[in-house]
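What follows is a short report on a single structure.
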Amino acid sequence: MGLARWLRHRLQLPGAVNRALPPAALDRIEKAVATTEATHCGEIRLAVEASLPASYLRRDAPVRQRAEMMFAKLRVWDTDERNGVLIYVELADHGIEIVADRGVARVVPADAWPPIIAAMAERLRAGDFAGGMVAGIEQVGRILAQHFPARAGQANANELPNRPVILGR
């Protein structure tokens, strides 16, 4: 593992996420999840972390491994139609990962996610954290609406919380 990566993570202050996403930004993101979920029967979950835990750094684990672990830990896979999607953002490495459950992966090609990640990364690099995350949520929502549209006359069960989860507080 590179010294630069270790230092970047260890020097990332715990309040970094709170500075990037104050309560009003979290409210905006939560509303975006709820709004897009009204158009489809999928579930979107956003998780944000300032830095990777030391156990990931010791083994030089990629951000993707942490995203997959959080996908399971947050039970994004626990939806009736296996149509949950986790958007994971890690600030120290500027890592963004989208992890889709089996139902989504069956119908959405893997190459659908990199353009969304790239657009989010560009906005995050510019300091527009909430805007970048909302844009990513909206784009994922459009894909889910295409493949898992809301059913007319049927209530859409909210199987996962819409509020972003801030890890490592």
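Hydrogens, waters and symmetry mates play no part in the numbers below; they use all other heavy atoms, side chains included.
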Legend entry - Working for side-chain contact (heavy atoms from CB on, under 4.5 Å), residues Leu46 and Val33: CA-CA 9 Å; Leu46 176 73; Val33 172; 5.5 Å; no
Inset, instruction - Show your working on side-chain contact (heavy atoms from CB on, under 4.5 Å) between Val165 and Val48 and close with a plain yes or no. - result: CA-CA 6 Å; Val165 62; Val48 183; over 6 Å; no
Inset, instruction - Evaluate side-chain contact (heavy atoms from CB on, under 4.5 Å) for Leu124 paired with Asp128, printing each intermediate quantity in order. - result: CA-CA 5 Å; Leu124 270 60; Asp128 184 10; over 6 Å; no
Inset, instruction - Let me see the working for Met70 and Lys73 under side-chain contact (heavy atoms from CB on, under 4.5 Å), right down to the final yes or no. - result: CA-CA 5 Å; Met70 295 318 303; Lys73 191 171 187 174; 3.8 Å; yes
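Taking all atoms of both residues into account, the shortest heavy-atom contact from Ser51 to Ala92 is CB-CB, 4.0 Å. Scanning both residues, Ile29 and Pro164, for their nearest heavy atoms gives CG2-CG, 3.3 Å. Between Leu91 and Ala20 the shortest heavy-atom distance is CD1-CB, 4.5 Å. Taking each heavy atom of Val107 and His147 in turn, the nearest pair found is O-CE1, 3.4 Å. Minimum interatomic distance between Glu43 and Glu159 (heavy atoms only, all atoms of both residues): OE2-N, 3.1 Å. When all heavy atoms are compared, the tightest approach of Asn83 to Val104 is CA-CG2, 3.4 Å.
To the nearest 0.5 Å, atoms CG (Leu167) and CE (Met69) are separated by 12.0 Å. One finds the CD atom of Glu30 at 5.0 Å from the CZ atom of Arg163 (value rounded to the nearest 0.5 Å). Note that CG of Asp78 is 9.0 Å distant from CG of Asp101, once rounded to the nearest 0.5 Å. The CZ atom of Arg28 sits 9.5 Å away from atom CD1 of Ile137, with the distance rounded to the nearest 0.5 Å. Rounding to the nearest 0.5 angstrom, the gap separating the CE atom in Met120 from the CH2 atom in Trp113 is 12.0 Å. Trp77 contributes atom CH2, which lies 10.5 Å from atom CG of Leu160 (distance to the nearest 0.5 angstrom).
Remark: the backbone N or O of Ile44 is paired with a side-chain donor or acceptor of Glu37 at under 3.5 angstrom. Remark: side-chain polar atoms of Arg45 are not paired, donor with acceptor, to backbone N or O of Val85 under 3.5 angstrom. Checked by atom type and distance alone, the side chain of Thr36 never pairs as donor or acceptor with a backbone atom of Ala32 at under 3.5 Å. Using a distance-only test at 3.5 Å, with no hydrogens or angles considered, no donor-acceptor pair links the side chain of Arg75 to the main chain of Ala72.
Between Phe129 and Val17 the shortest side-chain heavy-atom distance does not fall below 4.5 Å. In this structure the side chain of Asn162 reaches within 4.5 angstrom of the side chain of Asn158, judged on heavy atoms. Between Met133 and Val89 the shortest side-chain heavy-atom distance falls below 4.5 Å. You'll find the side chain of His40 stays beyond 4.5 Å of the side chain of Ile143, heavy atoms only. The shortest distance between side-chain heavy atoms of Ile98 and Leu86 does not fall below 4.5 Å.
Ion pairing between Glu90 and Arg66 fails under the 4.0 Å rule for side-chain N and carboxylate O. Ion pairing of Arg123 with Glu138 is absent here, as no side-chain N (NZ or NE/NH1/NH2) approaches a carboxylate O to less than 4.0 Å.
Annotation for Gln65: atom CD counts as buried by contact number, over 12 foreign heavy atoms lying within 6.0 Å. More than 12 non-hydrogen atoms from other residues, nucleotides or ligands lie less than 6.0 angstrom from CZ of Arg64.
The side-chain tip of Arg58 does not point at the ring of Tyr56 from less than 6.0 angstrom away and within 45° of straight on.
Side-chain atoms of Tyr88 and Glu68 form no donor-acceptor pair, as typed in the model, at a separation below 3.5 Å.
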